[in-house]
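Heads up: the structure comes next, in structure tokens.
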Number of protein chains: 2
Amino acid sequence: MTDSDRQTEEKIFEAATDVFVEKGMDGSRMQDIANHAGINKSLLHYYYRSKDHLFNAVFEKIADEMFRKFAPVFDENLSLDDKIRFFFREHIGFLQRNPRLPAFLLNEINRNPGRVKKLIRNVNVNKFWMMLMEQHPDELAEYRITKELLPQLMITIASISVFPFAARGILETLFENMDIDFDDFLEKRKEFAATFVINALKNNK
Amino acid sequence: MTDSDRQTEEKIFEAATDVFVEKGMDGSRMQDIANHAGINKSLLHYYYRSKDHLFNAVFEKIADEMFRKFAPVFDENLSLDDKIRFFFREHIGFLQRNPRLPAFLLNEINRNPGRVKKLIRNVNVNKFWMMLMEQHPDELAEYRITKELLPQLMITIASISVFPFAARGILETLFENMDIDFDDFLEKRKEFAATFVINALKNNK
DNA sequence: TCTAATTTTGACCAATTGGTTAAACTATAT
DNA sequence: ATATAGTTTAACCAATTGGTCAAAATTAGA
């Protein structure tokens with residue numbers, strides 16, 4: 001598929017995604033997006049009414065993609081331990097392929113929390129957590145994970161997976177001075193994180 | 001101390017801190033900072049040559065403050081377990097009093113990684129980690145924390161402490177729908193995080 | 001008190017920004 | 001072929017932006 005074959009609207013969306021993710025909403029320029037897409041700036045307004053509209057389209061797609069990545073865990077027919085292993089492998093793997101998404105999303109959400117409200121309203125997180133408790137009543141009881149502790153546990157798991165990407169800018173320069181390869185660190189983290197969390201749970205018996 | 005007593009330069013710095021932390025470098029306006037400080041915009045350029053200079057002054061002070069908060073752990077004459085407890089109590093406590101700093105720092109560093117290079121060059125992180133290994137050779141051996149695993153462990157600890165603040169915008173709206181109080185969550189996290197990490201280590205024996 | 005240095009101000013500027021518009025171009029259907 | 005609708009472009013605009021400057025106000029030193 002050559003560059004000119006792709007539909008203009010699609011080209012705009014992809015260029016906008018690149019620029020917005022790299023520079024953020026405030027740091028991005030419509031002219032820059034147009035250049036990236038190889039088209040006239042007016043076309044941005046022709047297909048997407050304004051910078052806000054264009055940004056929202058990009059933001060919502062990325063946010064949706066991101067949140068969706070948490071879901072499969074609740075479907076998989078696995079033991080709790082295997083679910084944890086599955087999650088870290090898949091989630092860190094996804095972020096390795098999209099390393100800039102966490103920083104972009106976290107920043108834009110903090111900058112404008114109202115944006116995420118609209119998205120989250122549709123997702124009943126409670127439902128997912130109830131599913132977890134129904135799928136693994138015995139294991140959770142064994143590990144003494146009460147309903148009150150579940151948020152702490154879930155956010156701890158998310159922290160361990162997402163934070164290295166959100167802090168990529170620091171970690172990469174930190175690692176430079178220590179002869180550690182960031183990609184290698186991430187690859188090993190899939191296993192380390194799973195074992196770490198499972199150990200923490202097991203010892204809580 | 002009344003408003004007019006405070007030195008102008010100090011007033012500017014404080015106003016700039018507020019605005020930059022809230023809106024980020026790109027989203028902040030010099031006029032807005034001047035208004036916050038209650039002074040004429042030209043004074044910003046009189047005391048700090050440009051927006052870049054002003055931002056760097058603010059950024060470097062905050063970054064320094066932030067990194068400094070990781071250091072006391074390496075001094076305290078405590079067992080490894082107590083150090084972990086001490087760290088989470090103090091670090092989450094500090095972030096509770098400065099909840100916007102993590103998101104601000106992480107974003108600006110990702111936006112311009114060169115900025116942090118200058119700061120980190122002075123801090124030999126390796127040295128701190130070596131100190132840890134010298135202070136607790138027995139415990140680390142017992143927990144099977146090798147030199148290769150230490151970065152994974154340290155970053156996991158940082159993740160658990162910092163991430164909830166970086167993701168504040170999401171978590172607060174998430175919690176809203178679940179009748180969880182964010183401040184209460186943070187207060188309980190100090191204890192939860194410490195126990196969680198210590199359990200993970202103990203079970204690795 | 002008078003003078004010189006410092007601090008503060010408002011008016012101003014060039015460049016950049018998101019956005020508009022009318023004209024030009026292209027494709028499609030009759 | 002030609003009219004029509006959809007697409008693309010260049011020129012333009014008003015508002016905003018970081019920054020300058022000379023004059024005014026204040027302070028400090030003699």
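Just so we're on the same page: letters track the sequence lines, and every chain starts at 1.
Atom NZ of B:Lys11 is separated from atom P of C:dT7 by 14 Å (rounded to the nearest Å). A:Asp52 places its CG atom 10 Å from the C1' atom of C:dG18, with the value rounded to the nearest Å. Between A:Asp26 atom CG and D:dT17 atom C1' the separation is 13 Å, expressed in whole Å. Residue A:Met30 contributes atom CE, which lies 16 Å from atom C1' of D:dC13 at whole-angstrom precision. Whole-Å rounding puts the A:Leu43 CG to D:dG6 P distance at 16 Å. Atom CG of B:Asn40 and atom P of D:dA23 are 17 Å apart (whole Å). Here the P atom of nucleotide C:dG18 and the NE2 atom of A:His53 are 16 Å apart, to the nearest Å. Computed from coordinates, the B:Leu44 CG to D:dT20 P distance equals 12 Å when rounded to whole Å.
Within the 4.0 angstrom heavy-atom criterion, only backbone atoms of the sugar-phosphate kind lie near B:Tyr47; the bases stay farther away.
In the interface, the side chain of A:Ser42 is paired with the base of C:dT20 through a donor and an acceptor atom under 3.5 Å apart.
Side chain of A:Tyr46, nearest nucleotide from D:dG18, C:dG18, D:dT8: D:dT8. When each of C:dG18, C:dT8, D:dG19 is scored by its nearest atom to the side-chain atoms of A:His45, the top-ranked nucleotide is C:dG18.
Ring pair B:His91/B:Phe70 is tilted by interplanar angle, where 30° to 60° counts as tilted. Taking the six-membered ring for Trp and thresholds of 30 and 60 degrees, B:Phe182 and B:Phe165 have ring planes more than 60 degrees apart, a perpendicular arrangement.
Nearest-nucleotide positions on DNA chain C place B:Thr8 closer to the 5' end than the other of B:Thr8 and A:Arg29. With the nearest nucleotide of DNA chain C identified for both B:Lys41 and B:Gly38, B:Gly38 has the one nearer the 5' end.
Taking the six-membered ring for Trp and the full ring otherwise, the centers of A:Phe20 and A:Phe104 sit at least 6.0 Å from each other.
To the nearest 0.5 Å, the span separating CG on A:Asp82 from CD1 on A:Ile198 amounts to 7.5 Å.
Under 3.5 Å, the side chains of A:Asn112 and A:Glu108 contain no donor-acceptor pair of N or O atoms.
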